[in-house]
Structures are given as C-alpha cells and as structure tokens.
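Residue numbering restarts at 1 for every chain, and letters A, B, ... go by the order of the sequence lines.
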Amino acid sequence: MHEPTHHTLEEENQLVQIRLQKLEQLRALGLDPFAIERYEITHALQTVHDDYEQLEGKTVAVAGRIAALRKMGKATFAHLMDSTGKLQIYLKADEQGERYDLIDLWDLGDYLGVQGFVFKTRTGEVTVHVQSFTMLAKAIRPVPFPKEKGEQRWYELHDVEQRYRQRYLDLLVNPDSRRRLIARCRMVREIRRFLDERGFLEVETPVLQPIAGGAAARPFITHHNALDREFQLRIALELYLKRLVIGGIDRVYEIGRVFRNEGISTRHNPEFTMLELYQAYANLEDIMSLVEELFHHVAERVFGTTVFEMHGIRVDFAQPWQRIRLMDAIRERTGLTEADFETLERATHAAEKVGISVERKDTIGGIIEKVLEKCVAEHLQQPTFVYGFPIDTSPLAKREPDNPRFTRRFEGYLFGKEVANAFSELNDPLEQRARFEQQYALRQAGDEEAHPFDEDFLLAMEYGMPPTGGLGIGIDRMAMLLTGADSIREVIFFPQMREG
RNA sequence: GAGCCGGUAGCUCAGUGGUAGAGCAACGGACUUUUAAUCCGUGGGUCGAGGGUUCGAAUCCCUCCCGGCUCACCA
C-alpha cells in the first residue's frame, strides 16, 4: 500500500497560480463560479445548429465549456462545447459595459452559461450574440484543447499514457476517442435491446465466487473478513447462468465484468466485459442465427451501416456468416487431417511440422486449437463460424453424436479474430461429472487453468437441465473490431495501468 | 516474463559532450463579425528517478520507474 500523494496548489506552476488569482477576483466581485448550482438552458449546443431556421433572431440560453477563445479588442468570439457539439458565441464591448472586462478572467476549460440571440456571422457560422453570461465553474488547470480548423487539429493530446490515465482529458479534446468510447456504450445498449426484444431476461450473478469456474483461466483471489474465507473473482458467467436455466429461466443473459489474472496487452485487460446468454431448447444452429442477427442489429443501429472495413477487408453483416468445420479449416490451411491428431504423439509431431511448439500440459485438443490460432485464424477475415471443437478443451459442451472426440461448439471469427464462443450445452450430469474429473486430472498434472471441479453446479444439473444453446461474446473485442481499434485500451474508459 | 522504441515547458515536439529551445497555450499591449485570428513584447524547466564517467551530461555508462510496439498465456 502506498500513501496517497498530496499536492498543494501553492506548489503548482504559474498557469495554475494565474487561474487561482482569476478565481479570487471573481469571488471578490461576488461572482464565485463554484457557488452556482443551476443554469437553465433552452438548447443543447448542437440543436442550435440543427434548428437554426426556427431560431434565427430568437433568444436562447446555452452552456458549455470554453473550448476556444478569440478576443479581438472590443469584440470577442469563443466556442462553447457540450456533449452534443460546439457553438460559437459573440460579445461586444459596448453592449456589455463593465462586464466586458470579465472576459479577461475566462480560460479554456471554464464552464459558461450565456443568453443571447441566434445569428450567422458574415462567414456563415451559426453564433449566439451574447446579452448576458455567467461563469458556472472554473478550470484551475489548463485543459489542452487543440487548435482546430475543420477536421484538422493542432497540438492535440497525443501522449498515450496521459490519454489513458486522464481519460477525461482525452474525451474532452480528442473527438475520435470520444466517438469510439461512446460507440462501445451504444453497442452494449443495442445488445440489450436486441436480447430484450427476443424475450431474454437480463440478470446479475455473483462476482465473488467460492470457485471461479466456467472457463480456463487463473482467478483473482480476495478475502471476506466476516466469513474469514477466501473468494475468487469470477472468470466467466457460465455456471451461474446455467443454474438459472435449471431454475426455469429459459432465456437468460448477463453483460458483466469478469476478471482473469493474466497478462496485460493490446488485446487483454485484467477486467473485461462478457456477454453470456443461454436459450433453452435451442441448438447450435439457432445460436449461429442469433449471432448473425445480433451483429446485423448492432451494426445498423450503432453505426448506421452493415458494411465494415479493416485493413482493406470489407465485411457485410447483412450477409450470412460462412460455416466451416474446424478440422476441415485446418486441413485446408495446413494439409493436416483428423488422423494426424489421433494420439498426443502424432498431434505433437503434426503441430511441430507447421511450426508450433507444444508444451507438456497441452492436450490433443489444446494442440488443435493452437493450430487454429496460428495457421487458420488470420485467414478468417469474413465472418465465419468454425464448429466442431475438441472435447478436451470443451468440458461444458455436448459431444457430437457421430464424432465423440469433438463437441457441438463453435467460435465466431471476424477480421481474423475470435469474437464469439458458443456451445450446445452439456446437460447430462453424469457426463459433466466425468468431464470435470478429466479437468481435475489436468489440474493435478500442473495445468493451473484447467476447469475446477464444481460439485454445487453438478448438484443443480442433477435436478434436470433442458437442452440449451449458450453463447459468450467478449464485448471489448467486439467493440475493437467494429470501431477499428488496435488496442483494447481504446475501448475501455479506464484501462488497467501500473501505478504511475 | 523477453526483445525493440520512447519519457525535455500546460500541449505538440526539436536538441547526441560545451550558457536548455521552437510553435501553440499563459502574461502585458494593439485590434468591434473573428475562427489555427493577427501584430509587438514578457515570463515559464527536478530534461522520468537515482547513481557513475567527465573540467563539463538532456546528451555517454549502470540501475530502477512509467508508457508504446512485437512475442508468449488468454477473450
């Protein structure tokens, strides 16, 4: 634990000192900006542009941050910014009288409320001719608003570290960041809307779990003082949602944070957002259709198009996804066949032939999935369902009836990256017990990420679980692909950072 | 965890052994339809931190911190 660092503003630089002095002057004049509680606005800034025809000559009240300030003697122009956009304001000295000098106490970043009439300058820009104004709050640190001309920007906040650590500044001054992060929020909203329309119930399940199961990953561990026992932070939503299906909630989903105690990279944040849904009486093909419709819906509703492009590849979510059996995809790309993976020895040999190093803990299925990741995934640019995953890496999925080494499981790929994972859920409690036992054996053999044995979940399944289709989607990854972000940190407001 | 690159003014960046710089921002002045406003002037720095080499270090060496990219585990 580190003691928090306390700064005193007196120690800060002259830019802060000057703003503090301006604040004092305002207070001395009885205009303390921090005493203001409310300012009644008639319009958001963008709506003044949108409704200019009706508003011309009319009086409006608007508010926002000062994002640009151009004082030219006895006339002053400024731009206010709010969450909808920007609007220019105009003040004249002879109309304002003594109050005109208050402009000298304005800084970029301050909040201003103004009342005035709407007009267009001779260069055609919609502007509010200010009659009265009030400072609503003051920024005592300089906000790095860039210089702008049209779409061009100068002196923009580029420093990646500062953009992540002080995301509020990034949001204020970098429109691309703002658009991308808001798009992610709207995606989540549209996913909810899509599922709600189809009769799914959104639920919340425990984050603190006795045994974090449902995926292969190392958990975070925490401690409950009153119970004096250890809990793990969830690594997946799966096993609790299935308990709810057993409890009669036939269509259920959760969008929630899960936690995996693993490395941080451009594609990994220790806490990330998962969507998992379960639909009783649905099979794998039903879930494929659901995924197709979900992406179509989100694309259209959030981005207004079904066509997306990344690195020169165009995809269209109005089209059905391609479907290919995993072992067929591997054969197409490597020439390796199912027979090459019959035994661990042969599978190891086959993997090494295509340049993949096999670790001791790898199972046959693990090796097959490595071949998928290394040799096949990058070719799956168009939306594609790869189905028929090995049984030993899919301990919660039903077997394929005619090929028991593989399961009724698919992964959805897009632009070469995995975006969805779905099973026809295993609902046979006897087989589920046997699968957990296999995972337990792997764990005993040193695989820390093998699925834990969950006796309480088995108990639930023994009371009867319907045939069920299930789906998991990494929301952050989905947001990266649809917004064209190269790093997961660009689609998470506050990504994990080391202590700075 | 490994390799490569980076950290200099509020912001964006120059500066590779010899007095710490530029643009924007700030401050003072001029300017009543500007819009990267313009013009004149002024102030502003723990050069990520610590140690070392040297007459002299932002610069060379070592250690550490933080970030980026690539790789490995994974979603």
Side-chain angles (χ1 to χ4, degrees), chain A residues 12-19 21-22 67-79 86 88-96 100 104 107-109 119-125 127 129 139-150 152-166 169 173-174 215-218 235-236 258-276 357 359 361-362 366 369-370 373-374 393 411-412 417-421 447-449 472-478 480-481 486-489 495 497-500:
Chain A
E12 291 292 346
N13 63 51
Q14 60 160 357
L15 296 172
V16 173
Q17 290 302 324
I18 288 162
R19 283 168 165 76
Q21 284 163 19
K22 290 177 180 176
L69 183 58
R70 294 179 295 282
K71 188 176 176 189
M72 0 176 328
K74 299 199 164 45
T76 294
F77 291 86
H79 275 94
K86 289 184 180 175
Q88 183 168 257
I89 61 172
Y90 170 61
L91 298 91
K92 287 173 77 171
D94 51 7
E95 295 170 352
Q96 296 295 334
Y100 191 77
D104 293 332
D107 287 295
L108 294 188
F119 77 110
K120 266 187 186 169
T121 61
R122 62 178 164 214
T123 52
E125 178 159 354
T127 302
H129 189 127
I140 62 168
R141 289 182 190 274
V143 180
F145 281 110
K147 292 274 187 184
E148 285 185 310
K149 184 181 188 178
Q152 290 177 282
R153 282 186 290 280
W154 289 263
Y155 316 112
E156 199 168 4
L157 182 63
H158 279 139
D159 185 84
V160 178
E161 185 173 357
Q162 192 174 4
R163 286 184 47 232
Y164 295 159
R165 288 190 193 277
Q166 295 183 278
L169 295 180
V173 307
N174 292 328
R218 297 170 65 180
I235 58 174
V258 299
F259 308 83
R260 298 191 183 176
N261 207 336
E262 291 158 356
I264 297 175
S265 78
T266 49
R267 295 175 56 73
H268 300 87
N269 199 59
E271 50 180 302
F272 62 100
T273 303
M274 283 276 290
L275 160 69
E276 285 194 28
S357 61
E359 294 171 68
K361 67 169 192 179
D362 286 333
E369 288 199 23
K370 275 192 175 177
E373 284 162 29
K374 303 294 175 197
T393 53
E411 286 185 347
K417 313 285 186 192
E418 185 202 333
V419 286
N421 182 21
D447 182 358
E448 288 183 72
E449 296 182 356
I473 289 180
I475 296 295
D476 314 83
R477 295 271 176 92
M478 182 178 176
M480 285 174 69
L481 290 169
D486 291 321
S487 170
I488 197 168
R489 291 177 156 189
M497 303 286 279
R498 283 179 200 271
E499 199 169 5

- Task: Using a strict 4.0 Å threshold on nitrogen-to-oxygen distance, state whether A:K370 and A:E359 make a salt bridge.
- Result: yes
- Item | Rounded P spacing from B:G52 to B:A57 in Å | 12 Å
- Note on the structure: B:C73 -> Watson-Crick or G-U wobble partner, both distances under 3.5 Å, gives none
Just the atom pairs and distances: protein N or O near nucleotides 23-27 of chain B's N or O, under 3.5 Å.
residue : atom : partner : partner atom : Å
B:G23   : O2'  : A:Y155  : OH           : 2.5
B:C24   : O4'  : A:Y155  : OH           : 3.4
B:C24   : O3'  : A:K147  : NZ           : 3.4
B:A25   : OP1  : A:K147  : NZ           : 2.7
B:C27   : OP1  : A:K22   : NZ           : 2.3

- Determine the interatomic distance between C1' on B:U42 and the same-named atom on B:A9; round to the nearest Å. 15 Å
- Message: I need the single residue from A:I264, A:D476, A:V160 that forms a side-chain contact (heavy atoms from CB on, under 4.5 Å) with A:R489. Which is it?
- Response: A:I264
- Using the C1' atom on both, measure B:U59 against B:A25 and round to a whole Å. 28 Å
- Message: Using heavy-atom distances to pick each residue's nearest nucleotide on RNA chain B, tell me which of A:R122 and A:E359 is more 5'.
- Response: A:R122
- Query: Quick one: which of B:U34, B:U12, B:G67 gets closest to the side chain of A:R498?
  - Reply: B:G67
- Query: Partners of A:F77 by ring-ring contact (aromatic ring centres under 6.0 Å, His included), sequence neighbours excluded?
  - Reply: A:Y90
- Query: Any donor-acceptor pair under 3.5 Å joining the side chain of A:E125 to the base of B:U33?
  - Reply: no
- For atom P, what is the distance between B:G10 and B:C71, given to the nearest Å? 36 Å
- Under 3.5 Å on both distances, the Watson-Crick or G-U partner of B:U53: none
